[in-house]
Structures are given as C-alpha cells and as structure tokens.
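One structure is given below, encoded as structure tokens.
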Amino acid sequence: MNNERNSSDGRSRRWLLTTAGVTSAALAGCTDMLPEADSVTDGVTSQDDDDGSGAGGASGQSRWPAIDEGESLSDFETLEEWNAWETELSAAPDEARVGTQAAVIESEDREASINLRFPDGLDLREWDTSLAVKPEATDRIVVEFLAPDRDARLNTVRTIPDEFDGWFRLDCGYEHKPEGEPDLSNVTRINIVAVGPEDETTRLLVDDLRRTKGADNGKAILAFYGGHDSHYDIAAEMLEERGWTAAAAISPDRIGDQGRMGQTQLNELQDRGWDICSYPRVSMALPEMPESRQRDVLETNRDALEDHGFEDGARHLFIPEDRMDATTNELIRDVHDSAFLFGSCTSGVPPTGMDTIPLIWGPALHNGVRRHINLADQYQLLTVLRIPRIVDEEDVGPDENRMSLDDFEHLLNHLEHRGLDVITPSDLVDGTFESDDDGDETFSDGRPEGTILEAGQSYAFEGSESSESLTINLDDGVLSASFSHNSDGEFSVDLIATGNGRDDSLVTTSGITAGESIAAVESGTYRLEVAADGPWSIDLFQPAIHATDLDEPPVDVTGTGSGYVGPIWSDGDLRLELTHDGDGAFVVDGYGADGSSESIVNQTGAVDNSRSYRAGGTVWLNIEADGDWSLEVTEA
C-alpha cells in the first residue's frame, strides 16, 4: 500500500534525504585518480545530417535508447579514444545501440571509471548531454564534466533502482558543483563513473554519448503526490496567485476518499491547466509482480483516469515505490508517454529519456532541493519536486510524508526568486515548455543614483528574560539589528508580522555573543519574539541607503559570529566563495532592496564551498555563524 508514514518510495524518507551525502562519500577522490593521458579525441564527432536529425552511428541505425537528435560526442566505435583507470574497457557488439558496438566498463572494485578528453575544449553552453546506459551491476552512475579542470567541474549523480539492469537513457543534469565556478565553454574532459554494490564486481554498459540543444530557461515540475485536500485547499491557491500549474499524482480508486480531492476539485484543477496523472496504489512493488499483472495495473489506472476525463494527465506515470526493472520499464514505455521516479538529479529540457525522469523529495530544502533549483536556473535544466501532504509545522513528524506550510511557501518563493518556469508533464511531452518572454533578465542595467531607500523607524529594547510583547511599526526597506546576549543559553529574536509583511528571524544563536543582522521588510506592524535566559539588548533601525553607499564586486569580508555584508550593487548573478570553521549552524541569506530574499546556505559545521546568488540591484548578505567565516563576492 502507499503508506504515508514510511514513504511510498519503497525506501525511508531518511534514505531519500541522505542519498546525496552517501554519494559524495562514495565518490571521494575518484576524479583525482583518473589518468592524465591524452586522448586522440579532438572534438565532437558529428554523424548526423546538416540539420542534426540524422541517425547516428557507423551503420546509420540506432536502437533504443540511442537517439537521433543532436550531435554525437562518442559512439564508442573507437574505444582507444577513451582512457580507463583500474577498469576493464571492452567492446560489446551484441549490445550495440548505435553503430556496431557498445562499451563495457567493468572493475572488481566498487568504482569503474573511463574518461574522454577534449584537448581543444568542448562547448556545452546551451547544450544538454545524455547517453545510453545499462547498469548490469551498478548502484549509481556519475558523469563528471571538468570545465576546464577538477577544481571547476559539474557532476551528474543518478541513483539506480535496485532491480533495474536494463538499458535506459541517462540525462546528465547537474547534481553537484563541488569546487569552483565551471566554464562550460571549455569542457576538457568527461568522466563516466559506475559505482557498484559492495564487495561485488561493478559492470556498466554505455553507448551513444551526445549533446542536444538545451532550453531557454530553467524549468520545474511540482508533483503533488496522493491528491490530498491540502493540495487543493492550500497549494492550488498559492500556485494560482503566481500563474503556475502542476501535476497531481493520484490513484483513481482514491478519488473522493476522506482527506483527498474529489472529482469536482480535480476537474477544477484540470481546468486551471494541471495534469491529473497516474500514481497506482499497489500492494507490492511493480517488479515483484508477473509481467501480465504489471501491465494490468498500468493500463487499468490509465484507463480509469481517462474515464474520469483526465486524458492528458493519464499519459504520465509517477512510478509507485520508485521501483522498476527492465520489464517494468518496457511496459511503461508501451503504456505511458512519460514516467517519473526518484533519482535525485536534474535533467535536460526536454529529457531524452522520457520514461525515467528523475525527481527529488520536495521537503528536503536544505538537503539538495535549493541546490537543484539554483543549478536548474543557472544551467537551464529541469528539476521535478515531489510534494506530499501539506500541514502545519507542528504536525510534521520524523519519517513522515508531510511538508510544513512554511517550508512549502519557502520553496515557492525560492522558485519564484530564481525565475524558473513551472510547467507540467504535458508541457514536456507536447513541447510547450518554452518561456513566453524573450529570456531577458529583469534586473536593472545601470547603477542607481541618489537615494535608494529612505530612512525608516528605529527602536531600542533590552531585558533579562524572554518576551513576546514588543510591538513595532516598520516601513518598506531593510531592517538592521545590533544585539548582545550575556548568558550561556539560547538567544533568538524573531520578527512576526501581525498583518501585511512576512515573518523573519533576526538572530538564532547561543551563549555570550554580540553581533549584527539585516532583513528585508514590508511596511506593517510586527511583534518581536525574544527567547533568552539572561540579559540582552537589541537596537533596530531602518537606514537610509544612498548610491554612494554601494560596494561593487569583488567584495572580500571575514568575520566571527553573526554579521552582514552590504549594500552591494550587482546587475546580475553573484558567485559566493564561503568558509566557516565552527561546529554549529552556518546560515547565509540574501536580501534585496526590492524586498526579495533567498536562502543561500543552511549547513552545520565546517564549510568551504561556493554558491550562486540570483542577485540584481542593491543586495545584502546576512550571516549567522558560531565561528570564524569568510565571504568573497564576485560577479558570476
């Protein structure tokens, strides 16, 4: 059954949230071990017609999941162009997807690695990359793009369902940007790494590596699993305000059940442009069923949705328990136009593998989701976000398929701030996913002059214990806070809107401390909630901001504890190089003079990494830390 408490993914929710961390640990050092030998490859091998539509391969024939679109980067006809590291690389003529042979990557160790070098550099700007893969004994597939070296690379990390050992199309959306800022105009090497099961031989077949033209803008699909009332009562209205549509993944036999949407509500969502998609309720995973039973489940649910009037949405499947084998995949391709399952990776737009589109657990805002959204924005990719039942914060328990309303609103705000196009599965299949605008940035193209923000209100408070009775009035602009706390316990100051405006946290720390913070605010009345167990003080003021106050990148700042950086002027995206040497929380938020905000970092412990910030105009960066930190701001 699709069990709400234990996640209907066939794995615990905790597993979903920690996969990225496990992957990073398993791959530690793999790129450093790859050889530096030169390849005979000197660029793209295009075997297509001039219009890019010809069939690739030496024989002019292709077999699924090889494709005919785009340009071939390698058809694996000449294995000598590939370098192998502690890996056996051999031909597999009987498995050829394009041309006369596929390639086998095999190792007695857990990792098997090959790489293809581009001495003159490969330009992957505005291109998506994909390849045909057959994971015969592989848990994860990693594709790394060195642009131009291992200090500036992008990684694809794709989790493979346990039972699956057949061919499928791997779309190389970027999952990690581990080091510096990559330059996709100069990709010098592509690494393919198979990560196999513990203490067993690792074996992966590959063929038809190619690039296809990318989309004009990053995309997101919001997939609401289960057809819960909250998806209609809460989510649909919040999406309607933004002009967005979504996918409702439902089991037709649960329409109108207690706590779930009925026919009238689903009809209304379809009228708004939503897809009402198939998500069969099953008593066991599809691969555990006989082939005939699997087909019956898929066709029965599809047909039932069509009978309810949801013909468009019935074309799309959200795979129950995120499990499939080669037989399941073959049936899915026969019954549905697209299918989605957990893979914790972005993909190209449109995906070249429509039957294995990866998605990520939506509530994992600080465990991959915000990173996915940022990468989808920066590299024009697709991220698919699984949204469970939406509830109040206090109703979200451990290992439950629920998402708090606050986190859901945070997610929508981040999607909106990053400017992703929120689309539906039908948009992918029908090719209606391109933006209506011309793709130009909405940021100002010139530094402002004179006064940017007028001075606003100022307040000063002090006390020796917690308080929730402090009321203030604020104007549109920014609010700066200077605070101190003289006790060993927790200290937090939250800004709670009592009318218009939005809630925010001015400080969350502990121990004896003094620091500063800043937040973007709207005009309105607010209440300060102070939690403290000793003497404290806080001064609040809304400063006037003039053009002469603005710094321009590069900006290099160090500090200890809480503080903020800015105002900074930028006419585009910013790149942040960040370090933190404390053991506790390290939180970095971006605020704009226009009222925009973005959560950039929310981690615990030591940090040494880079992030992108979709800035534009006058911005500040707010830092909460329990140790020393550094921040270098440059134009992206």
Side-chain angles (χ1 to χ4, degrees), residues 217-224 230-231 233-246 346 360-378 383-388 390-393 396 402-423 435 441-443 474 476-479 494-497 499-506 508 517-524 526 573-574 576 587-602 611-622 624:
N217 192 50
K219 318 292 179 185
I221 291 177
L222 294 169
F224 293 89
S230 60
H231 296 159
D233 297 332
I234 299 173
E237 297 307 312
M238 296 174 72
L239 266 62
E240 184 78 4
E241 292 173 359
R242 295 166 168 82
W244 293 351
T245 54
T346 60
I360 189 172
W361 174 248
L365 291 173
H366 305 302
N367 288 275
V369 166
R370 289 187 303 114
R371 183 179 72 247
H372 276 216
I373 293 170
N374 294 348
L375 291 171
D377 167 37
Q378 188 171 2
T383 181
V384 183
L385 305 166
R386 173 175 177 164
I387 310 299
I390 300 170
V391 298
D392 291 332
E393 182 72 39
V396 179
R402 298 183 178 187
M403 185 175 193
S404 74
L405 176 57
D406 288 346
D407 281 352
F408 180 67
E409 185 172 20
H410 179 132
L411 173 64
L412 298 190
N413 288 339
H414 195 59
L415 285 168
E416 187 171 26
H417 178 68
R418 277 288 175 166
L420 267 62
D421 300 325
V422 179
I423 63 173
S435 303
E441 300 286 1
T442 59
F443 303 146
L474 298 175
D476 287 334
V478 293
L479 177 67
D494 293 322
L495 189 66
I496 308 300
N500 294 331
R502 64 184 176 207
D503 300 347
D504 212 329
S505 174
L506 296 179
T508 302
S517 68
I518 201 163
V521 295
E522 299 177 19
S523 175
Y526 294 81
D573 291 353
L574 294 175
L576 313 181
V587 179
V588 181
D589 296 313
Y591 294 102
D594 60 358
S596 63
S597 66
E598 178 176 343
S599 178
I600 300 170
V601 176
N602 191 321
R611 291 287 190 274
S612 63
Y613 171 35
R614 191 176 175 84
T618 303
V619 298
W620 290 260
L621 295 160
N622 192 66
E624 285 191 16

Check whether any side-chain heavy atom of Arg502 lies under 4.5 Å from a side-chain heavy atom of Ile496, and answer yes or no. no

Between CG on residue Leu411 and CG on residue Leu365, distance to nearest 0.5 Å: 6.0 Å

The reported gap from CD in Glu393 to CG in Asp406 (rounded to nearest 0.5 angstrom) is 6.0 Å

Side chain proximity check, Ile600 to Leu576, heavy atoms < 4.5 angstrom: yes

Would a 4.5 Å heavy-atom cut-off, applied to side chains only, mark Trp620 and Val478 as touching? yes

With Ser523, which residues qualify under side chain to side chain donor-acceptor pair (under 3.5 Å), at least two apart? none

Output all residues satisfying salt bridge (charged side-chain N to carboxylate O under 4.0 Å, His left out) with Asp377, sequence neighbours left out; order by chain, then residue number. Arg418, Arg614

Do you know which two heavy atoms are closest between Leu420 and Ile373, and how far apart they sit? CD1-O, 3.8 Å

Start with the C-alpha distance between Asp407 and Arg402, add both sets of side-chain angles, then the distance that settles side-chain contact (heavy atoms from CB on, under 4.5 Å), and finish with yes or no. CA-CA 10 Å; Asp407 281 352; Arg402 298 183 178 187; over 6 Å; no

Nearest 0.5 Å, what's the CD-CD distance between Glu416 and Glu241? 9.5 Å

Whether Asp503 side chain and Ala497 backbone form a donor-acceptor pair below 3.5 Å: yes

So which atom in Ile390 and which in Ser230 form the shortest heavy-atom distance, rounded to 0.1 Å? N-OG, 3.0 Å

For Glu624, which of Val587, Asp589, Val588 qualifies under side chain to side chain contact (heavy atoms under 4.5 Å, CB included)? Val587

Taking side chain as C-beta onward, heavy atoms only, is Leu415 less than 4.5 Å from His410? no

Would you say that Trp361 contacts Asn367 through its side chain, given a criterion of any heavy-atom pair below 4.5 Å between the two side chains? no

Nearest heavy-atom contact between Gly368 and Ile360 is C-CD1, 3.9 Å

Ser599 vs Arg370, side-chain contact (heavy atoms from CB on, under 4.5 Å): CA-CA, chis, key distance, verdict: CA-CA 8 Å; Ser599 178; Arg370 289 187 303 114; 3.3 Å; yes

Set of side chain to side chain contact (heavy atoms under 4.5 Å, CB included) partners for Glu522, sequence neighbours left out: Asp476, Tyr526

Please determine whether side-chain contact (heavy atoms from CB on, under 4.5 Å) holds for the pair Ile518 and Leu506, giving the CA-CA distance in whole Å, both sets of side-chain angles, and the decisive distance to 0.1 Å. CA-CA 7 Å; Ile518 201 163; Leu506 296 179; over 6 Å; no

Kindly give the heavy-atom pair with the smallest separation between Gly592 and Tyr613, and that separation in Å. N-OH, 4.3 Å

Hits for side chain to side chain contact (heavy atoms under 4.5 Å, CB included) against Thr346, two or more places apart or cross-chain, chain-then-number order -> His372, Leu381, Thr383

Ile423 and Ile221: CA distance, side-chain angles, deciding distance, side-chain contact (heavy atoms from CB on, under 4.5 Å) verdict: CA-CA 5 Å; Ile423 63 173; Ile221 291 177; 3.8 Å; yes

For Leu239, enumerate each residue passing the side chain to side chain contact (heavy atoms under 4.5 Å, CB included) test, keeping only those at least two apart in sequence or located in another chain. Leu222, Phe224, Trp244, Ala246, Trp274, Phe408, Leu412

Are any non-hydrogen side-chain atoms of Val396 and Met403 less than 4.5 angstrom apart? no

Any Val369 side-chain heavy atom under 4.5 Å of His414 side chain: no

Tightest non-hydrogen contact, residues Gly419 and Asn217, listed as O-ND2, 2.9 Å

Val521 vs Leu495 side-chain heavy atoms within contact, under 4.5 Å: yes

Rounded to the nearest 0.5 Å, how far apart are OG1 of Thr508 and CG of Asp494? 5.5 Å

The side chain to side chain contact (heavy atoms under 4.5 Å, CB included) partners of Asp594 (sequence neighbours excluded) come to Ser596

When rounded to the nearest 0.5 angstrom, what is the spacing between OG in Ser612 and CG in Asp573? 6.5 Å

